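Every chain is numbered from 1 and lettered A, B, ... according to where its sequence line falls, protein lines coming before strand lines. Just so it is clear, the model here is predicted, and its values are computed rather than measured.
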There are 2 protein chains.
Amino acid sequence: MWQFEVLHDFVVGSAPNWEIVQRGRAGNTIDHMKLKEFAKQLGLSPTTVSRALSGYPEVSEKTRQRVTEEAVRLGYRPNINAVRLVTGRAGAIGVVMGRSGEFQFSEYMSGMAERLDSEDIDILVSPLAEQGGKNENQLYSRLATSGRVDAVIIHSPMPNDERITLLHRLGMPFLVHGRSETQVPHAWLDIDNEGAIRRATSHLIDLGHRRIAMINGRAGLTFSLHRDKGYREALAQRGIQFDPHLVAHGHFTDELGFRFARSFLEQSPRPTAFVAGSMMTALGVYRAVRSFGLVVGRDISVIAHDDVFPYLTADNMVPSLSTTRSSLRAAGARSADLVLQLLSGRPATEIHELWPVELILRESTGPVPQAPG
Amino acid sequence: MWQFEVLHDFVVGSAPNWEIVQRGRAGNTIDHMKLKEFAKQLGLSPTTVSRALSGYPEVSEKTRQRVTEEAVRLGYRPNINAVRLVTGRAGAIGVVMGRSGEFQFSEYMSGMAERLDSEDIDILVSPLAEQGGKNENQLYSRLATSGRVDAVIIHSPMPNDERITLLHRLGMPFLVHGRSETQVPHAWLDIDNEGAIRRATSHLIDLGHRRIAMINGRAGLTFSLHRDKGYREALAQRGIQFDPHLVAHGHFTDELGFRFARSFLEQSPRPTAFVAGSMMTALGVYRAVRSFGLVVGRDISVIAHDDVFPYLTADNMVPSLSTTRSSLRAAGARSADLVLQLLSGRPATEIHELWPVELILRESTGPVPQAPG
DNA sequence: GTAAAAATTTAAAACGATTTGGATAAAGCA
DNA sequence: TGCTTTATCCAAATCGTTTTAAATTTTTAC
């Protein structure tokens, strides 16, 4: 065994709060041209200028042309905070980031950013970092009533998600990334987790596997339930008895993938195939399989769900990993799109989108070995 | 070889822009109590109430007590957009998210969120997604002048980073996560990349390694240069000739880790040790080493830099991975802290923080094998 | 050529807070 | 007590837009 040596600890200091430094109007050093001034330079009234820039019809095309051109030339841009105050719009979509800091998060966000690039809308990541039920509700409530966002995106919903009821009651538009069974009408975008896992499981059964282990997401979340359902359906269709000892729930980490996989492989007879919840989980499963002196793709088949990350691809694993695949980035982009539709008045009840999931077979899946165990 | 089968494609529709639906004051369904109303209920003037809530000294403690209590009871909260307009503060810190969507991003953000939880400040992720130099400047400029943020955080700086000059010129407070060599004074928080890699490399040399390959970050970025410097220094100290054929630059993906490592291992004599830029890179390196029928920790030593991710840990790799380690989450939290200090008036020139990096030795590093090549 | 209709433009009133510059009440001092 | 100082509180101005309601100009219709 090698030496375990810690040479340094890093130092994290503390700091004073953001105190009031100077009273009086603060603001940035940058001083913009104001509407009044700009209008005067154009020889127009502020009203006309405002309308011209906002694209209202009461202004002649010739004037609008001139106004927009001059705005660029003189560098006039409306003060966003004044606009927000008077219109009541915030120009931002809220996303709540949990303390756990999921690695999927940035991929989804990046997709959103891609779509919002052309709009004048920001993403507000709200540091509502508390965990757990009650407090979390309070925090969503604060976000919704804070006036900082025009809409909110809810992630990882549960079948009966209080956040949905809450936001609906508060009249805050929101999109659920995932699904819920609440009666409350709500817009959602989800991938077909049930179908994906059903197909993956069926395929494994087709290959002769009978003991198929399933490493699912956190218990209680809708997508975990859907995946569970798909898994059970596939088994039931082929008359295979469901075995609760072959199912586990938890965060998508390599650590849990490893631990769960190991505990499954210790069983006798051991499973001959795994359905893994994420790429990280799959890494753990691969490691566990190897630690038993077994070979993925020959002794043990593995299918994992892949959200398509640029930094970790199924094709590159050894052996290459069979996956159910759906682009999280695309989902992020489309989510942003749907939120914009929501804000432009499309009723939430019309916004339901279920994406099919690809099943891509690679080297990690194969026929069940002749003499298992 | 297994079948490669695509069963479905997902469908991404398009959508109309966020058009003007109804004119007239929009706003949310939620109608808050207003200051005037609230003040009247208390029998006080708006001025006093405002001051009481903002913590100014001109109000008696007794009154302040009453005001804050009643505010909670009656649910009064100042309209944030009115506050923003009048104070000129935005109550948000801006972060620009590149189109590439680094996996490290969410960990850093999560750290920021942790620190900002107690403050009334948001993180604004600006969908300034364009790539490349010129355009990116424009986009930073827009963010800085938009009035949407009070400060900006710059990531992955270059030694002579235009963004720094730009933000300084615009008078927008900012913190550099990383370092730069610009003359422009600026606040920064960085880890000691040079020292970390110097130490890692030295350690490998101590173990007898002479051909040490280095998979670095993207070329031109300050931290890549620092790491390069540390690497070269370590070699120079021991009189080992620097070999440019043993150095590569690129994004931190398993793919590049694999490809670079393979190309190095094809050389003769081949390297006996690797310094890898990130955990993902390390995954690729492990894979490449195995693909040559070699064993990490015996034939080939590997040290990688670890930003401490909850979902992928060095201890769990097989063999466990020796790392230079520094918590990105902690850096995020501290960054938020420093930005708050900056906003409260602490001069940028005083805010320079260099964090030492741990070197943690595990199983992936060992003495150079007797008959290499 | 004039009246009515349509197309432009505008002055002034919001939006909801903070801050200025005073006013009032309470406390301190001779 | 009377005067000054200090501790509280307040009315009105301000932040920079959008929107209302009304005024002007231009076009159309007869």
Side-chain angles (χ1 to χ4, degrees), chain A residues 20-28 30-67 71 75-91 120 145-148, chain B residues 20-28 30-67 71 75-91 120 145-148:
Chain A
I20 298 108
V21 186
Q22 42 164 234
R23 297 173 66 166
R25 314 191 180 272
N28 297 333
I30 315 150
D31 55 330
H32 296 274
M33 168 173 288
K34 285 148 201 181
L35 172 58
K36 214 167 147 186
E37 195 181 335
F38 177 56
K40 194 182 286 176
Q41 292 216 20
L42 285 177
L44 289 171
S45 77
T47 311
T48 306
V49 172
S50 170
R51 282 195 181 132
L53 291 175
S54 305
Y56 286 119
E58 297 94 332
V59 64
S60 75
E61 201 46 54
K62 207 177 67 186
T63 312
R64 183 196 313 285
Q65 191 79 9
R66 193 162 70 93
V67 171
Y76 169 74
R77 284 197 301 157
N79 177 309
I80 183 122
N81 291 321
V83 173
R84 281 168 167 165
L85 173 59
V86 74
T87 61
R89 288 196 205 109
D120 200 30
T145 58
S146 71
R148 279 190 265 250
Chain B
I20 298 108
V21 186
Q22 42 165 230
R23 295 173 66 167
R25 315 192 178 273
N28 296 332
I30 314 150
D31 55 330
H32 296 274
M33 168 172 289
K34 286 148 200 181
L35 172 58
K36 212 166 146 186
E37 195 182 335
F38 177 56
K40 193 183 286 176
Q41 291 216 19
L42 286 176
L44 290 170
S45 77
T47 311
T48 306
V49 172
S50 171
R51 282 192 179 135
L53 292 175
S54 305
Y56 286 118
E58 296 94 333
V59 63
S60 75
E61 201 46 54
K62 206 177 68 189
T63 311
R64 183 196 313 287
Q65 191 78 11
R66 192 162 71 95
V67 171
Y76 168 74
R77 284 196 303 155
N79 178 309
I80 185 126
N81 291 322
V83 174
R84 280 169 168 165
L85 173 58
V86 73
T87 61
R89 287 195 205 111
D120 200 30
T145 58
S146 71
R148 278 190 265 250

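- Picking from C:dT19, C:dA17, C:dC15 the nucleotide with the shortest atom distance to the side chain of B:Thr47 gives C:dT19.
- Note on B:Phe38: nothing from the nucleic acid sits closer than 4.0 angstrom, heavy atoms only.
- A straight line from NZ of B:Lys36 to P of C:dG16 spans 10 Å, rounded to a whole angstrom.
- With respect to the salt-bridge test (charged N to carboxylate O, under 4.0 angstrom), the residues B:Lys40 and B:Glu37 do not qualify.
- For the pair B:Lys34 NZ and C:dT18 P, the computed distance is 15 Å after rounding to whole Å.
- Nearest-nucleotide positions on DNA chain D for B:Arg64 and B:Ala82 put B:Arg64 closer to the 5' end.
- Here the shortest heavy-atom pairing between A:Gly147 and A:Ala90 reads O-CB, 3.5 Å.
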Grab the N/O contacts between the protein and nucleotides 7-9 of chain C below 3.5 Å, and write none if there aren't any.
unit_1, atom_1, unit_2, atom_2, d
C:dT9, OP1, A:Thr63, OG1, 3.2
C:dT9, OP2, A:Thr63, OG1, 3.3

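- Computed from coordinates, the B:Arg84 CZ to C:dC15 P distance equals 19 Å when rounded to whole Å.
- The phosphate of D:dG16 has neither OP1 nor OP2 within less than 4.0 Å of any side-chain N or O from A:Tyr76.
- Residues B:Val67 and B:Arg64 fail the side-chain proximity criterion, which asks for heavy atoms closer than 4.5 Å.
- In this structure, the CG atom of A:Asn81 is 11 Å from the C1' atom of D:dT17, given to the nearest Å.
- Taking each heavy atom of B:Glu58 and B:Arg51 in turn, the nearest pair found is OE1-CD, 4.0 Å.
- Of all non-hydrogen atoms in B:Ala52 and B:Val59, the two that sit nearest each other are CA-CG1, 3.8 Å.
- Atom pair A:Asn79:CG and D:dG16:P shows a separation of 7 Å (rounding to whole Å applied).
- Contact between B:Ala71 and B:Leu53 at its shortest, heavy atoms only, is CB-CD2, 4.2 Å.
- Atom CD of B:Gln65 and atom C1' of D:dT8 are 17 Å apart (whole Å).
- Between B:Leu85 atom CG and D:dT14 atom P the separation is 14 Å, expressed in whole Å.
- Between A:Tyr56 and D:dT18 there is no side-chain N or O to OP1 or OP2 distance below 4.0 Å.
- Remark: P of C:dC15 and CG of B:Leu35 are 14 Å apart, rounded to the nearest angstrom.
- Comparing C:dT19, D:dT19, D:dC15 by their nearest atom to the side chain of A:Thr87 picks out D:dT19.
- Residues A:Leu35 and A:Pro46 are in side-chain contact: their nearest non-hydrogen atoms beyond the backbone lie under 4.5 Å apart.
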